[in-house]
Amino acid sequence: MVSDPIIREGKLGTRVDLGKLEDIFSKHPERNNTNLVIPVLQEIQQIYGYLPAEALKKMSRHFNIPLSHIYGVATFYAQFSLEPRGKNLIKLCQGTACHIRGGKEVLKAVENLLGIGHKGTTSDFKFSLEVVRCLGTCFLAPVMMINRNYYGKLTPEKVRQILKSY
Ligand code: FES
């Protein structure tokens, strides 16, 4: 009997199709090679938008790499998320330059508009918000990124217009 590759996990009961993992695994024939962990995690996250716990268990078994090592990597790097993320990832800067140029008001506006805290995901999974320390574009302060797009010299009103466009 073939088991159903689609499982539900997490408190939100997110649908996860583990069948997609075979495509990733088949690209990496090596076993016991911890150098594979980062690239494979990146590919898993690209497909699912985060790192489902069941996918990590399967990855551990397939590559014969301890699950504790995989979790160690997944939790060390900020690029990885163990929770489902929204379709659009907002990275809002609260570094010094952004903070002194109104970043706090901008953050409050985003939180109020989305109805979430400074690290959270909207219930419709449209947006996730992350507060970061510097986006490397201090001359645009206060600044945020949505996916790969930068938005600078933000005000609460400007933020409202930008979010509306998504
Ligand atoms: S402090 Fe915000 S971009 Fe540098």
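Read the numbers this way: they start at 1 and go in the same order the structure lists the ligands and their atoms.
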Test log, rule side-chain contact (heavy atoms from CB on, under 4.5 Å), inputs Asn33 and Phe63:
CA-CA 7 Å; Asn33 180 357; Phe63 290 107; over 6 Å; no
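Close approach to Cys134 involves these atoms of ligand 1, each under 4.0 Å from a residue heavy atom: 1 (S), 3 (S), 4 (Fe). If you number the atoms of ligand 1 from 1 as listed, the ones under 4.0 Å from a heavy atom of Cys138 come out as 1 (S), 3 (S), 4 (Fe). Atom numbering of ligand 1 starts at 1 in the shown order; those under 4.0 Å from a heavy atom of Gly95 are 1 (S).
Classification of the His62-Phe25 ring pair by plane angle, with boundaries at 30° and 60°, yields parallel.
By the 4.5 Å heavy-atom criterion applied to side chains, Arg101 and Lys153 are not counted as neighbours. For the pair Leu107/Leu129, a side-chain contact is recorded, criterion being any heavy-atom separation below 4.5 Å from C-beta on.
Draw a line from atom 2 (Fe) of ligand 1 to SG of Cys98 and another to SG of Cys93, and the angle between them is 100° (to 10°).
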